[in-house]
Novice: 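Okay, here's the structure, questions in a sec.
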Amino acid sequence: MDKTVDEILEGKRVALIDMDGVLYDSMKYHTLAWQRMMAEQGVECDRDEFYLYEGMTGLATIDLLFRRAFGHGVTPERAKELYAVKSRYFKEIGWNEPMPGADRMLRALEARGIRRVLVTGSSQTTLLDNINRDYPGAFLPGDRVTAADVVHGKPDPEPYLKGLEIAGVSPEEAVVIENAPLGVRAGKAAGVFTFAVTTGPIPREEFVRENADIIFPSMPEFADFLERGTHN
Ligand code: CA
């Protein structure tokens with residue numbers, strides 16, 4: 001029999017929440033920006049493949065794609081330059097659309113007394129500033145882990161372990177909310193109960209493979225569950 005939301009969230013005090021693809025419907029623009037920047041470097045990429053790298057830091061993604069294309073990585077300095085180009089393209093072509101249902105999700109967590117901590121592989125300061133505008137009061141000022149705070153990005157558990165540390169809770173007292181397979185892997189590696197919400201084109205099976213504890217087909221359905229639901 002399926003567990004109710006009350007059973008699943010019993011003893012949970014903190015939600016560690018990813019940003020792109022969870023709070024913002026921004027991945028479609030990130031994938032375009034990535035594809036354009038890499039094409040200029042002579043690396044042809046399929047737009048959808050970037051969903052598979054989602055969660056990794058920008059520098060790690062660039063290094064991975066250069067190794068695949070040329071058999072060698074790039075220096076951190078060069079990767080930073082290229083990531084700055086990608087970030088500029090994102091600003092040119094994209095905008096930050098709050099993910100439908102994300103506001104309800106955050107409010108439902110708050111109503112249950114669960115503290116929210118942002119855990120993102122992004123280091124785009126504008127996007128981080130938007131959080132305060134679009135989700136006022138949802139996160140305390142210090143309750144965020146960005147690419148700048150970790151040595152190893154997702155799928156390494158470090159970002160989520162750092163989130164636990166900030167909140168001062170054990171893995172058993174937390175949940176992770178993710179939309180990317182590598183993010184789920186990071187959450188599970190940190191020993192945390194991990195919700196996967198499939199807001200992009202990645203098939204459900206990928207999240208099953210990463211051992212997500214529960215998989216929801218959309219953010220509104222996840223919000224419904226937190227507000228009142230049982231999971232089927
Ligand atoms: Ca994400």
Side-chain angles (χ1 to χ4, degrees), residues 15-35 47-62 64 83 86-87 90 94-103 105-106 109 116-128 130-131 134-135 138-139 143-150 152-160 162-163 174-190 192-204 206-207 209-223:
L16 306 171
I17 305 171
D18 176 50
M19 185 172 75
D20 288 295
V22 169
L23 299 179
Y24 290 101
D25 194 6
S26 46
M27 279 306 296
K28 54 194 170 189
Y29 305 119
H30 281 297
T31 61
L32 266 181
W34 272 114
Q35 188 185 43
R47 201 176 148 189
D48 278 355
E49 75 176 276
F50 291 100
Y51 287 96
L52 295 172
Y53 314 139
E54 189 186 345
M56 291 169 61
T57 64
L59 306 195
T61 303
I62 290 163
L64 173 92
Y83 185 62
K86 180 262 163 184
S87 298
F90 173 78
W95 60 93
N96 305 306
E97 296 170 29
M99 181 68 74
D103 189 50
M105 179 264 288
L106 291 169
L109 291 168
R116 289 79 53 207
V117 176
L118 187 73
V119 181
T120 176
S122 175
S123 57
Q124 294 197 23
T125 49
T126 51
L127 203 47
L128 294 169
N130 289 335
I131 291 272
D134 297 324
Y135 301 104
F139 299 91
D143 282 1
R144 56 175 57 171
V145 179
T146 74
D149 301 315
V150 297
H152 303 290
K154 304 168 190 175
D156 193 278
E158 186 183 347
Y160 283 117
K162 190 99 183 174
V175 296
V176 160
I177 300 168
E178 264 290 348
N179 75 308
L182 292 183
V184 170
R185 193 185 302 173
K188 293 298 291 181
V192 180
F193 187 98
T194 300
F195 291 105
V197 187
T198 61
T199 62
I202 302 286
R204 190 178 193 281
E206 295 289 334
F207 298 92
R209 194 173 301 147
E210 298 294 349
N211 299 310
D213 291 283
I214 305 185
I215 304 166
F216 288 89
S218 74
M219 188 57 73
E221 283 167 87
F222 180 48

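Along the sequence shown, residues carry numbers from 1. We count ligands from 1, going down the list as the structure has it; atoms in each ligand are counted the same way. Just so you know, these numbers come straight off a predicted model, no measurement behind them.
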Novice: Restricting to ring pair (Phe, Tyr, Trp, His ring centres under 6.0 Å), what partner residues turn up for Y51, sequence neighbours left out?
Specialist: none
Novice: Donor-acceptor check, side chain of E210 to backbone of V184, threshold 3.5 angstrom: yes or no?
Specialist: no
Novice: Are the charged groups of E178 and K154 less than 4.0 angstrom apart, N to O?
Specialist: yes
Novice: Who pairs with R209 by salt bridge (charged side-chain N to carboxylate O under 4.0 Å, His left out), at least two apart in sequence or on another chain?
Specialist: E206
Novice: Around the Ca ion (ligand 1), what protein N, O or S atoms are found below 3.0 Å?
Specialist: D18 OD2, D20 O, E54 OE2, N179 OD1
Novice: For the residue pair Y29 and Y24, is the inter-centroid distance of their aromatic rings smaller than 6.0 Å?
Specialist: no
Novice: Using the test side chain to side chain donor-acceptor pair (under 3.5 Å), find all partners of K162 that sit at least two apart in sequence or belong to another chain.
Specialist: none
